[in-house]
Undergrad: 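Input: one structure, supplied below.
All values below come from the heavy atoms of this structure, side chains included, with hydrogens, waters and symmetry mates left out.
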Amino acid sequence: MLNNIYLLELNLALFAAYDGGPNNSYGIQLNTNTTGQQSLSVEMKTYYSDYLIDLAEPELVHDQFGQKHPIPKNGGKTIEFRQYQTLPELTTPLVEGVTPDGQSLSVSNLEATVKQYGGYVTISDILQLTAIDNNVVQATKLIGSQAGRSLDTITREVLNGSTPAGDYQVQYAEGQVASRAALYYTSASDNCNLTADAIRKAVRTLEKQSAPKINGKYVGIIHPDVKYDLMADSKWRNPHEYQDTTEIYDNEIGELYGVRFVESPRAKVWEGADLASDSRTLLINHANGYSGAITSVAFDGGTVAQNALVGRMISINGVTAKITANTASALTFASTNFGSISDNAVIYPGEGGAAGVTVYSTLIIADDAYGVTEVTGGGLEHIVKQMGSAGTADPLNQRATVGWKATKVAEILVPQYMVRIETTASK
């Protein structure tokens, strides 16, 4: 598509002026190389808006398998998702000549508030010395990627959010540990990496609840680091080995035990930053150690600024706590029992697994598990502002902008239709 744009013969008639009225839903204007206040034609605005969406859509890995809902028109800031309950089994024989009672659909509504996101890049007045079309194309390429990645991350955060009471299904590796903080990586042969057995257990969880499949299979969203471990299984099948290769998903990498996997470098990762400016970990600095419930510990082993760690999680002896205050030599937190802590015990970042190991999310998804708004139909807009359009803020007509604006929301609809597997990965 990009080559076609460069070969496009630039016809300045396409940039005919418009009246700036409310019917211009894209709000796109920019100067040409000639004088006067001219703007992109309707055809060009539509072309670039579609181009922006084409660039953004491949980045929307987490949106790919959700129910798609159009942006509400003139309906306020809320969008309504609908949840349909499964009909019960009917095992009573029909009576000859007697029409049975009909059934009613059980539908519950879930309202979500849409929010707007956006960004832009500024183009200097050098635009007047070069082809308009090339500048818009290059800027649109950049903001298109940014928009797609941003919107994908918004959905990812919803799908990997905190656990609703008993509904959202989280599986820690093969089930050998009971929490994220307990996931460990000791060696290449002793770890909590993603395995084929972990996938089989997640599939069993979904199948026990009659979770509907997507085109006959469940779908997994997997990080490249985790893919490395899973693809070593002898039963892994690459896409070209499928019997039917006509419906390959974007970024699809293979299948295992009835799950088709799609790779994303933006799959959720929990990894705490270094605790000190010169060290990843800290050390307990207390000759007698600590025991029982405590609210603070003294430390050394790294340089830490006053309150630089407030809000961070730390892990000691596999138990985590959230820091509420810190000095250059002590951490404070809510009363926590770490067990018996010896002097020089290691204090690890607590956002990931045991000993600060990185933890990865692999989502195993059934149909109708969640809903998202569409990027078409006003969900994602391409916006160009001409030089001087900022009025007194740009008195010398030195700046034009090319930007994007999106209306977006994602919502989990049926928590039982999704399993999040948390694991470590090979180092």
Side-chain angles (χ1 to χ4, degrees), residues 57 60-70 79-91 102-112 152 155-156 158-161 163-171 175 194 196-222 230 235-237 239 242-264 267-268 361-375 409-422:
E57 283 184 328
L60 298 173
V61 175
H62 288 82
D63 276 25
Q64 193 173 175
F65 308 105
Q67 288 184 9
K68 303 298 191 303
H69 292 257
I79 186 171
E80 187 177 273
F81 297 101
R82 293 189 174 182
Q83 300 168 300
Y84 290 87
Q85 302 300 316
T86 302
L87 292 172
E89 298 176 0
L90 298 176
T91 59
Q103 303 171 79
S104 298
L105 290 176
S106 178
V107 184
S108 57
N109 296 330
L110 178 63
E111 289 190 347
D152 184 61
T155 301
R156 179 200 71 189
V158 171
L159 301 186
N160 288 279
T163 307
D167 287 336
Y168 195 106
Q169 300 159 122
V170 182
Q171 175 183 308
L194 185 63
D197 194 47
I199 299 301
R200 291 172 58 209
K201 288 186 176 182
V203 169
R204 180 181 66 181
T205 298
L206 294 176
E207 289 179 339
K208 284 169 64 176
Q209 300 179 90
S210 300
K213 297 179 179 179
I214 305 172
N215 297 324
K217 305 284 184 180
Y218 295 124
V219 172
I221 299 179
I222 190 170
L230 195 60
K235 292 184 173 58
W236 177 270
R237 291 200 305 158
Y242 298 172
Q243 291 182 351
D244 182 5
T245 59
T246 59
E247 295 288 343
I248 302 299
Y249 299 127
D250 290 341
N251 303 308
E252 185 170 355
I253 58 171
E255 179 187 326
L256 184 66
Y257 292 121
V259 179
R260 294 171 64 177
F261 286 91
V262 174
E263 177 183 10
S264 174
K268 182 67 174 179
S361 164
T362 300
L363 295 173
I364 310 299
I365 302 167
D367 203 11
D368 296 326
Y370 63 101
V372 296
T373 47
E374 293 180 321
V375 294
V409 72
E411 195 74 34
I412 295 176
L413 302 180
V414 187
Q416 299 91 330
Y417 287 1
M418 186 163 52
V419 176
R420 183 174 80 225
I421 308 175
E422 297 187 13

Undergrad: Taking Asn251's backbone N and O only, do any of them form a donor-acceptor pair with Glu263's side chain (distance below 3.5 Å, no angle check)?
TA: no
Undergrad: Are any of the side-chain heavy atoms of Val203 and Tyr218 separated by less than 4.5 Å?
TA: yes
Undergrad: Any idea which heavy atoms bring Ile364 and Phe261 closest together, and the distance?
TA: CD1-CE2, 4.1 Å
Undergrad: Dump the intermediate steps for salt bridge (Lys or Arg N to Asp or Glu O under 4.0 Å) on Glu207 and Arg200, then the final yes or no.
TA: CA-CA 10 Å; Glu207 289 179 339; Arg200 291 172 58 209; over 6 Å; no
Undergrad: Give the C-alpha distance, both sets of side-chain angles, the deciding distance and a yes or no for side chain to side chain contact (heavy atoms under 4.5 Å, CB included) between Leu60 and Val375.
TA: CA-CA 10 Å; Leu60 298 173; Val375 294; 3.6 Å; yes
Undergrad: Side chain to side chain contact (heavy atoms under 4.5 Å, CB included) between Phe65 and Tyr249: does it pass, once the steps are laid out?
TA: CA-CA 10 Å; Phe65 308 105; Tyr249 299 127; 3.8 Å; yes
Undergrad: Can you tell me how far NZ of Lys208 sits from CD of Gln416, rounded to the nearest 0.5 angstrom?
TA: 13.5 Å
Undergrad: Compare every heavy atom of Ser361 with every heavy atom of Arg420, then report the nearest pair and how far apart it is.
TA: CG-OG, 3.4 Å
Undergrad: Do NZ/NE/NH1/NH2 and the carboxylate oxygens of Glu255 and Arg260 come within less than 4.0 Å?
TA: no
Undergrad: Please find the pair of heavy atoms, one from Ser264 and one from Asp152, that lie closest to each other, and give the distance.
TA: OG-OD2, 4.2 Å
Undergrad: Nearest heavy-atom pair of Ile421 and Ala202: which atoms, and what distance?
TA: CD1-CB, 3.7 Å
Undergrad: Roughly how far, to the nearest 0.5 Å, is CG of Leu256 from CH2 of Trp236?
TA: 6.5 Å
Undergrad: How long is the gap from CG on Leu363 to CG on Leu159, to the nearest 0.5 Å?
TA: 6.0 Å
Undergrad: For Leu230 versus Ala196, what's the shortest heavy-atom pair and its separation?
TA: CD1-N, 3.9 Å
Undergrad: How about Lys201 and Thr205: do any of their side-chain heavy atoms sit closer than 4.5 Å?
TA: no
Undergrad: Side chains of Val61 and Ile221: does their closest heavy-atom pair fall under 4.5 Å?
TA: yes
Undergrad: What's the spacing between Tyr257 OH and Ile199 CD1 if we round to 0.5 Å?
TA: 10.5 Å
Undergrad: As a quick check of understanding, evaluate side chain to side chain contact (heavy atoms under 4.5 Å, CB included) for Gln67 and Asp368, giving each step before the final call.
TA: CA-CA 6 Å; Gln67 288 184 9; Asp368 296 326; 2.9 Å; yes
Undergrad: Do Gln64 and Glu57 have side-chain N/O donor and acceptor atoms under 3.5 Å apart?
TA: no
Undergrad: For the residue pair Ile222 and Leu194, establish whether any side-chain heavy-atom pair is separated by less than 4.5 Å.
TA: yes
Undergrad: Please lay out, stage by stage, how Ile412 and Tyr417 fare under the test side chain to side chain contact (heavy atoms under 4.5 Å, CB included).
TA: CA-CA 9 Å; Ile412 295 176; Tyr417 287 1; over 6 Å; no
Undergrad: Between Ile365 and Met418, what is the shortest heavy-atom contact and its length?
TA: CG1-SD, 4.0 Å
Undergrad: Rounded at 0.5 Å granularity, tell me how far CD in Gln209 sits from CZ in Arg204.
TA: 12.0 Å
Undergrad: Does any N or O in the side chain of Thr373 come within less than 3.5 Å of the main-chain N or O of His69, such that one atom is a donor and the other an acceptor?
TA: no
Undergrad: Roughly how far, to the nearest 0.5 Å, is OG1 of Thr155 from CG of Asp63?
TA: 3.5 Å
Undergrad: Distance-only, no hydrogens or angles: does the Lys213 side chain make a donor-acceptor pair with backbone N or O of Ala211 under 3.5 Å?
TA: no
